[in-house]
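Heads up: numbering here begins at 1 and tracks the sequence.
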Amino acid sequence: MAGGGGAQAPCRGAGERLRVERVEAKQYIRRFVVSYPVPAPNCPEPDYDSVVETWFDSMDDLNALFFCENFLKTVDPDHKNFVDLNSFGSIICEEEVVVG
């Protein structure tokens, strides 16, 4: 199960900060990926400068992280420092591997 969103993320390293500093991240997150666009011929400029994927094993783990006291008081308020909250989007989804 993955939750992710496009975001304006001008500073690389936000994922490193989350991974190292947050005990809950190690407990509940299976995988945390930040992807940055690269130039691609014949493709339009991207609308976002990064895409973040946060992988959980269950909805319970997702809820445990996003509603724990540390996330609500420390992590979530910090998003305004590196995410354009006016253009941010998110999706909760389940992966279906089609090829690979």
Side-chain angles (χ1 to χ4, degrees):
M1 174 173 302
Q8 303 293 330
C11 63
R12 292 182 187 239
E16 184 67 23
R17 215 171 49 215
L18 174 69
R19 188 172 65 243
V20 171
E21 293 180 8
R22 308 293 174 217
V23 173
E24 292 88 353
K26 293 179 181 179
Q27 183 176 358
Y28 298 116
I29 295 175
R30 177 170 25 123
R31 185 174 182 197
F32 185 88
V33 179
V34 182
S35 299
Y36 300 95
V38 295
N42 303 315
C43 291
E45 287 289 315
D47 291 333
Y48 301 102
D49 51 3
S50 69
V51 175
V52 176
E53 293 178 59
T54 309
W55 293 69
F56 301 91
D57 289 325
S58 69
M59 286 298 291
D60 288 340
D61 286 350
L62 179 146
N63 286 324
L65 178 68
F66 289 151
F67 295 103
C68 73
E69 181 178 354
N70 187 37
F71 186 89
L72 293 172
K73 289 186 175 181
T74 306
V75 178
D76 198 37
D78 188 44
H79 284 140
K80 70 178 182 277
N81 294 316
F82 59 93
V83 174
D84 179 354
L85 298 174
N86 293 318
S87 67
F88 173 81
S90 66
I91 182 173
I92 307 296
C93 56
E94 289 189 19
E95 179 182 50
E96 178 182 335
V97 177
V98 177
V99 176

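His79 places none of its side-chain heavy atoms less than 4.5 Å from the side chain of Phe88. Between Ile29 and Phe56 there is a side-chain heavy-atom pair separated by less than 4.5 Å.
Considering every non-hydrogen atom in both Asp61 and Asp57, the closest pair reads OD2-CB, 3.9 Å. Of all the heavy atoms in Tyr36 and Asp49, the pair that sits closest is CD2-O, 3.4 Å. Considering all non-hydrogen atoms of both residues, Ser50 and Pro37 come closest at N-CD, 4.2 Å.
Note that CG of Asn70 is 11.0 Å distant from CG of Asp76, once rounded to the nearest 0.5 Å.
Ring pair Tyr28/Phe71: centre-to-centre distance not below 6.0 Å.
Under the 4.5 Å side-chain heavy-atom criterion for grouping Ile, Leu, Val, Met, Phe, Trp and Tyr, Phe32 is connected to Met59 within one hydrophobic cluster. Residues Ile92 and Val34 share a single hydrophobic cluster, defined by chaining ILVMFWY side chains whose heavy atoms lie under 4.5 Å apart.
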